[in-house]
Structure formats: structure tokens, C-alpha cells
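Below, chain A is the first sequence line, B the second, and so on; all start at residue 1. Everything quoted here is computed from the prediction, not taken from an experiment.
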There are 2 protein chains.
Amino acid sequence: MRTLDDIDREILRLLAADARRPYSEIAEAVDRSPPTVSERIDRLQELGVVRRFTVDIDRSLLDTGTPILLDVEVKPAEVESVRAALAESDRVEHVFVTADARVVAQVYVPDGGVRTFLAENVPFDAVREYDVSLLSESDWTPRVGEAELALTCAECGNTVTAEGESLRVDGERYHFCCPSCLDRFESTYERLSGGA
Amino acid sequence: MRTLDDIDREILRLLAADARRPYSEIAEAVDRSPPTVSERIDRLQELGVVRRFTVDIDRSLLDTGTPILLDVEVKPAEVESVRAALAESDRVEHVFVTADARVVAQVYVPDGGVRTFLAENVPFDAVREYDVSLLSESDWTPRVGEAELALTCAECGNTVTAEGESLRVDGERYHFCCPSCLDRFESTYERLSGGA
DNA sequence: GATGAAATTAGTTCAAG
DNA sequence: CTTGAACTAATTTCATC
């Protein structure tokens with residue numbers, strides 16, 4: 001398995017700035033041919049580095065409620081359910097989970113107000129406290145920087161280097177640091193799914 | 001000028017979920033022809049509702065530093081300079097400005113740590129206090145919802161309705177609630193640029 | 001505003017190095 | 001890991017409604 005090189009990073013940067021520029025233009029910028037660019041972009045998607053192609057929408061031009069930053073202090077066991085519940089909502093664009101069990105979300109609050117929004121969207125018992133800040137502006141700029149690929153072995157948790165391998169099972173990608181981990185993972189998997 | 005209709009919203013939703021689907025597919029979904037879809041997307045870009053086509057990158061797979069949520073309390077007069085300084089940084093992906101003069105940013109902190117990052121990126125005098133939370137997860141989902149176009153008249157500040165008009169000057173878009181405001185804006189503009 | 005047909009432009013496949 | 005050439009697919013233009 002290869003890690004990311006400068007060409008991948010440059011492609012990511014160019015796509016982040018404008019995902020519609022023709023591959024011929026990207027190809028010229030990275031001094032490769034269009035088929036190479038095409039293949040590398042496929043690989044970036046396959047690796048999950050590129051999650052999706054999308055549009056950045058200026059919601060300040062859209063009348064979709066009042067933008068707030070909602071900071072919810074949750075019971076540690078409920079962090080994931082609260083994150084999922086918020087991420088699910090039509091009114092929520094960003095969700096951040098902090099190490100100290102807070103879930104921070106950018107929410108476009110409907111007319112009913114924050115309390116109603118919370119009551120309807122978040123498991124009542126999970127919330128300890130919450131805090132609301134009115135937002136006056138928000139920016140999003142996708143960045144790539146000097147990023148190196150940082151994958152974790154699905155079997156042993158080590159960092160996956162260039163020697164690693166990867167495997168796709170049931171639409172999920174798994175990465176491994178070495179053939180042994182891949183093998184072990186595969187047998188465990190087969191045992192489990194065989195028994196099911 | 002038209003406002004957004006259901007077809008525009010559906011197009012936005014489809015693009016947000018996958019900006020690469022062919023126009024023929026979008027066309028079928030909204031029961032129009034590909035040229036119509038093309039034209040409407042152009043218009044959404046022209047209006048500034050679609051800021052750009054981009055890729056959603058999974059930065060957790062990229063080794064670009066420790067993700068934190070940085071919450072900076074700033075002197076009110078410095079809010080804009082701090083926002084701009086942060087948005088400028090290669091390490092910052094999101095910046096939110098709250099109504100009570102806090103600037104909240106998602107930062108991928110380099111090895112030097114937060115203090116160094118702040119010292120190098122934010123005007124020293126502007127910061128009153130700051131607070132850091134380690135992030136364990138972050139989601140982004142572009143949403144459209146039931147959005148209506150909410151433009152503000154560049155001359156009088158009223159809401160721009162379907163009767164409004166718009167004008168492009170020096171690469172900037174301006175919207176107006178009525179022809180009088182457009183006229184007045186134009187004369188003011190010509191007077192100012194004539195004198196320069 | 002919308003369209004079908006034509007023209008243009010972009011993307012992918014493939015055999016080969 | 002890359003490419004040029006051939007092929008396939010997508011987008012835009014335009015005359016017309």
C-alpha cells in the first residue's frame with residue numbers, strides 16, 4: 001500500500017478549492033496525465049480520504065433559522081447517542097465531540113427555540129447542562145496542509161505504514177499494519193460470520 | 001428576480017450529497033431536462049448560494065496535528081481581525097464568531113502546542129482569554145432544509161423579494177428590493193468611482 | 001423558463017512501457 | 001506507476017416553443 005505523496009496532496013488541495021476543475025487542468029498542475037489524476041482521485045475516495053464531492057452552501061443567504069453554537073455537556077455513556085441524534089437532525093451542520101464529553105454543534109434553530117429543538121432531538125436523560133451562543137458568522141475552509149496518511153491497524157491498533165495492506169469487507173474499509181494482522185482479522189471475521 | 005423554488009432546493013440537496021452525479025440524474029429527479037439543471041446551477045452560483053464545489057476530506061485519516069476546539073474571548077473591536085487571522089491559517093478548518101465576541105475555531109494544532117500556535121497566528125493584544133477542548137470526533141453534513149432565499153437590499157437593507165433586482169459590480173454581487181434602490185446605488189457608485 | 005438535437009468538452013479504459 | 005489513443009459520457013449551446 002502506498003501512502004500519500006506530494007501529488008496526492010496537491011490534488012486534494014486543488015479539489016478542495018474547486019472540485020469542478022477539469023482533470024486536464026489538475027494533470028497539468030501536477031505534471032501528470034489526466035488518467036493518472038483520475039486513478040489517484042479514485043484511490044483517495046477508496047481510502048476514505050475524500051469522503052465525498054459536495055457543494056459549500058452559503059447558508060447566510062438562506063432563511064433557515066437562527067445559527068447558534070450549542071454546547072451540551074452529556075453523561076459520558078451517552079456521548080455517542082447524543083452525537084448521532086444531533087448529526088441526524090436536518091438543522092445541524094457540524095457536530096464536534098470533545099474529549100471531556102461535550103458535544104458542540106452548529107445548529108440552525110427553528111422558530112420554536114432551542115429548548116424545543118433539544119427536547120425533540122436529544123435524549124432527555126443524556127443532557128447534564130447546555131450552553132447556547134448566538135453566531136454572527138461562520139467560515140469553512142477545507143485544508144490539506146502537509147498531511148501524511150495516518151491509518152490505524154484494524155487488528156492491533158498500530159500505525160499503518162507503506163508496508164501495510166487493506167481489505168474491503170461488506171462495504172467497510174479496513175487497514176492493517178502487516179500481513180499477519182490481516183490474516184488474523186480475516187480468520188476472526190470468517191469465524192464470526194460463519195457462526196451467525 | 002426569482003427566489004428559490006422547490007426545484008432549486010432539491011438540486012442543492014442532491015449536489016450537497018454528491019456533487020458529481022450527472023445532470024441527467026438530477027434532471028430526472030426534479031423532472032426537468034439537463035440544460036435546465038445546468039442553467040439553475042449556474043444561477044445558484046451566480047447568486048452566491050453555492051459558494052463552491054469542493055471535497056469533504058476526512059482529516060482524521062490525515063496526520064495533520066491534534067484537533068481541538070479553540071474558544072477565544074476577544075476584545076470586541078478585534079473580533080474581525082482575529083477571525084480573519086484564524087481563517088487565514090493553514091491549520092484552521094472552521095471559524096465561528098459568536099454574538100458575544102468569542103471566536104471559536106476548529107484547529108489542527110501542530111507539535112509546538114496551542115500557545116505557540118496562538119502567538120504565531122493571532123494578534124497578541126486582541127485576546128482576553130482562551131479555552132481549549134480536545135476533539136475526539138467531528139462531523140459535517142451540508143443541509144438545505146426548507147430554505148428560502150434571504151437577500152438583503154444593498155441600498156436600504158430591506159428583504160429582497162421576487163420583485164427585486166440584482167447587479168454585479170467589480171466581481172461583487174449586489175441585490176436590491178426595488179428599481180429605485182438599484183438606481184440610487186448605481187448613481188452613488190458612479191459618483192464615488194468617478195471621483196476616485 | 002424550458003427543451004431536444006448538435007456540438008463541444010471531460011472522463012475512462014486499455015494496451016503497452 | 002504512468003501514458004497516448006480510442007472510446008464513452010457529460011455538459012453547454014442554440015434555435016425554438
Side-chain angles (χ1 to χ4, degrees), chain A residues 1-56 147-149 151 160-166 168 175, chain B residues 1-56 147-149 151 160-168 173 175:
Chain A
M1 192 169 63
R2 270 185 314 161
T3 48
L4 299 192
D5 62 16
D6 288 343
I7 292 172
D8 293 314
R9 281 188 282 274
E10 186 59 19
I11 291 175
L12 282 174
R13 249 175 244 119
L14 291 165
L15 287 178
D18 175 8
R20 294 220 131 178
R21 61 180 101 224
Y23 287 3
S24 54
E25 188 186 317
I26 299 177
E28 197 164 339
V30 300
D31 200 26
R32 289 292 182 285
S33 68
T36 298
V37 172
S38 169
E39 193 213 283
R40 281 178 178 252
I41 293 176
D42 285 351
R43 187 173 145 263
L44 290 167
Q45 291 191 263
E46 177 58 28
L47 281 171
V49 174
V50 169
R51 270 196 280 231
R52 62 172 155 186
F53 285 78
T54 187
V55 280
D56 180 15
E148 213 12 281
L149 198 53
L151 299 172
V160 177
T161 66
E163 284 72 44
E165 304 187 17
S166 78
R168 205 187 175 86
H175 307 282
Chain B
M1 191 168 65
R2 268 186 316 161
T3 48
L4 299 192
D5 61 18
D6 288 343
I7 291 172
D8 293 313
R9 281 189 283 273
E10 187 59 19
I11 291 174
L12 283 173
R13 249 177 245 119
L14 291 165
L15 288 178
D18 176 7
R20 294 216 132 180
R21 59 180 106 226
Y23 288 3
S24 54
E25 189 185 318
I26 300 176
E28 198 163 338
V30 301
D31 201 26
R32 291 288 183 286
S33 70
T36 297
V37 171
S38 168
E39 192 212 284
R40 279 177 181 253
I41 293 175
D42 285 351
R43 186 173 146 263
L44 289 167
Q45 290 192 263
E46 177 57 30
L47 280 171
V49 173
V50 169
R51 269 195 279 229
R52 62 171 154 186
F53 284 79
T54 187
V55 280
D56 180 14
E148 211 15 279
L149 198 52
L151 299 172
V160 176
T161 67
E163 285 71 44
E165 304 187 15
S166 80
L167 182 67
R168 204 185 176 87
R173 270 175 303 277
H175 306 283

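- Put simply, CD on A:Glu25 is 10 Å from P on C:dG11, counting in whole angstrom units.
- The nucleotide whose nearest atom lies closest to any side-chain atom of B:Ser38 is, among D:dC1, D:dT12, C:dT3, D:dT12.
- Here B:Arg40 lies in heavy-atom contact (under 4.0 Å) with sugar-phosphate atoms only.
- Closest approach to the A:Pro22 side chain among C:dA10, D:dT2, C:dT3 is made by C:dA10 (side chain taken as heavy atoms from C-beta onward).
- Across the protein-nucleic acid pair, A:Asp5 atom CG and D:dT2 atom P stand 7 Å apart, rounded to whole Å.
- The separation between A:Gln45 atom CD and C:dT12 atom C1' is 14 Å, rounded to whole Å.
- When the salt bridge (charged side-chain N to carboxylate O under 4.0 Å, His left out) test is applied to A:Arg21, the partners found at least two apart in sequence or on another chain are A:Glu25.
- Counting to the nearest Å, the C1' atom of D:dC1 and the CG atom of A:Leu44 are 15 Å from each other.
- In this structure, of D:dT2, C:dC14, D:dT11, it is C:dC14 that holds the atom nearest to the side chain of A:Pro35.
- For A:Ile26 and C:dA10, the CD1 to C1' distance is 12 Å, given to the nearest whole Å.
- Looking only at distances, a side-chain donor or acceptor of A:Thr54 sits under 3.5 Å from a matching main-chain atom of B:Ala16.
- You'll find the side chain of A:Phe53 stays beyond 4.5 Å of the side chain of B:Asp56, heavy atoms only.
- Nearer to the 5' terminus of DNA chain C, by closest-nucleotide assignment, is the contact made by B:Thr36 (compared with the other of B:Thr36 and A:Asp42).
- Look at CD on A:Glu28: it is 12 Å from P on C:dA10, rounded to the nearest Å.
- Going from atom CD1 of B:Ile7 over to atom C1' of C:dG1 covers 10 Å, rounded to whole Å.
- The side-chain heavy atoms of B:Leu44 and A:Val55, taken from C-beta on, include no pair separated by under 4.5 Å.
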task = Would you please test A:Glu10 and A:Arg13 for salt bridge (Lys or Arg N to Asp or Glu O under 4.0 Å) and show each step?
result = CA-CA 5 Å; A:Glu10 186 59 19; A:Arg13 249 175 244 119; 2.8 Å; yes
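- The distance from atom CZ of A:Arg20 to atom C1' of C:dA10 is 12 Å, rounded to the nearest whole Å.
- Nearest-nucleotide mapping onto DNA chain D: of A:Pro34 and B:Pro34, the residue sitting toward the 5' end is A:Pro34.
- Of the candidates C:dT12, D:dT2, C:dA2, C:dT12 carries the atom nearest the A:Tyr23 side chain, counting heavy atoms from C-beta on.
- Of the candidates D:dT3, C:dA2, D:dT2, C:dA2 carries the atom nearest the B:Arg32 side chain, counting heavy atoms from C-beta on.
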